[in-house]
Amino acid sequence: MSTENEGINEGTTPVPPAPSAPPVPVETPSAAPQPPVPDAGAPTTPLPQTPAAPADGTWPPPTAPAAAAEWPPPTAPQAAPPAVPAYATAGAPAAPAPAYAEPGTHAYGATDGGVPQAAAGFGSGSGGGQAPVWGASYQQPAPKAGKGRGGLVAALLIAALVAGGLGGGIGYTLAKNDDSSGSTTVSSSTSGGAVKRDPGTIAGVAAKALPSTVTIEAESSTGEGGTGTGFVFDTQGHIVTNNHVVADAVDGGKVTATFPDGKKYNAEVVGHAQGYDVAVIKLKNAPSDLKPLTLGNSDEVAVGDSTIAIGAPFGLSNTVTTGIISAKNRPVASSDGSGSSSSYMSALQTDASINPGNSGGPLLDAQGNVIGINSAIQSTGSGGLGGAAQSGSIGLGFAIPINQAKYVAQQLIKTGEPVYAKIGASVSLDESTGGAKITDQGAGGSDAVEAGGPAAEAGLKPGDVITKLDDTVIDSGPTLIGEIWTHQPGDKVTITYERDGKTHTVDLTLGSRTGDN
């Protein structure tokens, strides 16, 4: 888009030339007045006679005494200046400013892991000076009145010049004697010095973390795929990311990881967990100088803490954004877009800008420690949570707490399969504000309460509504699942539930399930 200046010199009155005043005659003092020489009517000032040199050869010759001369001579009265035209005054309207049209922006159409993003789905995957007034007349300044002190002024000037010359000579001599290089030129520094950024600044954190963050490209055997992010987990070449980033490349696909310095490596999927939305890939021919990011403690994060997100939003690699922790333990259920699997998390909510392509990237604290894995965003698109629309950040991003992701990643590296904590009961996934209701029947016609499982041993039955897990309020089935998955198998928890209008509390030990099926 081009920009053009508009409205210049259109519909304006031509500016007349500035009126000028004739030279003002000035009387010059002289020893003897001379008769005026007629000219074409123009007033002139007679020049003084130059005295002849005396016969004795003295110089300068003595001057004749002046007759009550004044210096500077009085000037002739000037005529009043012509009136300034109205359009040249400060109150005149200014010429219209040139119009400026901002160039259009381009939208980036990259996808995130090839997965359409749900509303909370896998998408995170000039001041100027006074202008001159045209048309105003120039007024010659009148000389100041004074007494006849020409001789004194000349003497003072001569003395000052002599003193100045003497001082300059002394200064030059001293500088020359003191400067072994023979130069007296002093120049100012052309640089403000090296810029130092403390490790705790955003720039310092980003400079340290970026070399350990990669842009991941995953492609299926049919050529479908997209872009996401990951970060170095250990020195062996393991990279942690989201499951939905690499899901297309699990069965015979291709995965590459590119570092900020441009070095690109082929990789393979070591393991992936659909429910947690965590995956681990390993670089082939990994470099020996890998620097894993330091993992923080997501349990110690507080609302209001600063956050720094790194990723490749819409394919723009190595992008850094900042924000704060907006909320903790935010229940988020999201889908990979195929409807075959869902993820549940008790997420860290942040207002750091997260967009499609940020998925799998690190969410850092102010010290540069990883506190979460950016995974999902809330969207303004239709459908709300779980919808199919994909749009940009509106300041509602969600990250998997690193304490949970660390446990999952270690399991994937060790066995290649995820391990989930469970209570051994099927709950309704319908949205509800009353709690997580145990269904009458399980998936595929199985029992809703697993025989011999933790829920059965605690005395839970179909129809019971779980309202709390420890001190966390449970308002729906997805919230319960996400909260259970923040724990590990073998952890003891307290369940609060309602049955027939009465509230009961029971302790149970979480069981385990291996794999996504």
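Computed from a predicted model, the values in this text were never measured in an experiment.
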Set of ring pair (Phe, Tyr, Trp, His ring centres under 6.0 Å) partners for Y276, sequence neighbours left out: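 For Y276, the residues satisfying ring pair (Phe, Tyr, Trp, His ring centres under 6.0 Å) (neighbours in sequence not counted) are Y420, W485.
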
Residue list, ring pair (Phe, Tyr, Trp, His ring centres under 6.0 Å) with F231, at least two apart or on another chain: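 By the ring pair (Phe, Tyr, Trp, His ring centres under 6.0 Å) rule, F231 matches no residue at all.
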
Closest non-hydrogen atom pair, [X] against [Y]:
| X | Y | value |
| --- | --- | --- |
| I484 | L469 | CG1-CD1, 3.6 Å |
| P418 | L412 | N-CD2, 3.6 Å |
| V465 | G435 | CG1-CA, 3.8 Å |
| I400 | A405 | CG2-CB, 4.2 Å |
| A218 | A249 | CB-CB, 4.2 Å |
| I216 | V245 | CG2-CG1, 4.1 Å |

Side-chain donor or acceptor of [X] paired with backbone N/O of [Y] under 3.5 Å:
| X | Y | answer |
| --- | --- | --- |
| D277 | N242 | no |
| T229 | G357 | yes |
| T350 | G397 | no |
| D234 | Q236 | yes |
| T307 | I324 | yes |
| R513 | G515 | yes |
| N243 | H272 | no |

Stepwise side chain to side chain contact (heavy atoms under 4.5 Å, CB included) check, D464 with E498: CA-CA 6 Å; D464 291 345; E498 293 181 357; over 6 Å; no

Would you mind writing out the side-chain donor-acceptor pairs for residues 436-463 within the sub-3.5 Å range, not counting sequence neighbours?
unit_1 : atom_1 : unit_2 : atom_2 : d
T439   : OG1    : S426   : O      : 3.4
T439   : OG1    : Q441   : O      : 2.9
S446   : OG     : A443   : O      : 2.9
E450   : OE1    : K422   : NZ     : 2.9
E450   : OE2    : K422   : NZ     : 3.3

Check residues 278-291 and write down every donor-acceptor pair under 3.5 Å in which the side-chain atom is one partner and the other belongs to a residue at least two apart or another chain.
none

Pairs flagged by side chain to side chain donor-acceptor pair (under 3.5 Å) wherever residues 208-220 is involved - sequence neighbours left out: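 Pairs touching residues 208-220 that pass the test: T215-S317, S220-T222.
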
Residue pairs involving residues 398-415 (criterion side chain to side chain donor-acceptor pair (under 3.5 Å); sequence neighbours excluded):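 Of all non-adjacent pairs touching residues 398-415, those that pass side chain to side chain donor-acceptor pair (under 3.5 Å) are N297-N403, S298-N403, D299-N403.
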
Between S353 and N355: side-chain donor-acceptor atoms closer than 3.5 Å: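 Judged by distance alone, the side chains do pair up.
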
Stepwise side chain to side chain contact (heavy atoms under 4.5 Å, CB included) check, V255 with V269: CA-CA 8 Å; V255 180; V269 179; 4.1 Å; yes

Residue pair T509, V493: steps toward the side chain to side chain contact (heavy atoms under 4.5 Å, CB included) verdict: CA-CA 6 Å; T509 301; V493 297; over 6 Å; no

Pair S375-M345, side chain to side chain contact (heavy atoms under 4.5 Å, CB included): steps then yes or no: CA-CA 10 Å; S375 181; M345 69 184 84; 3.6 Å; yes

From CG (L364) to CD1 (I402), nearest 0.5 Å: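 Rounded to the nearest 0.5 Å, the CG-CD1 separation comes to 10.0 Å.
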
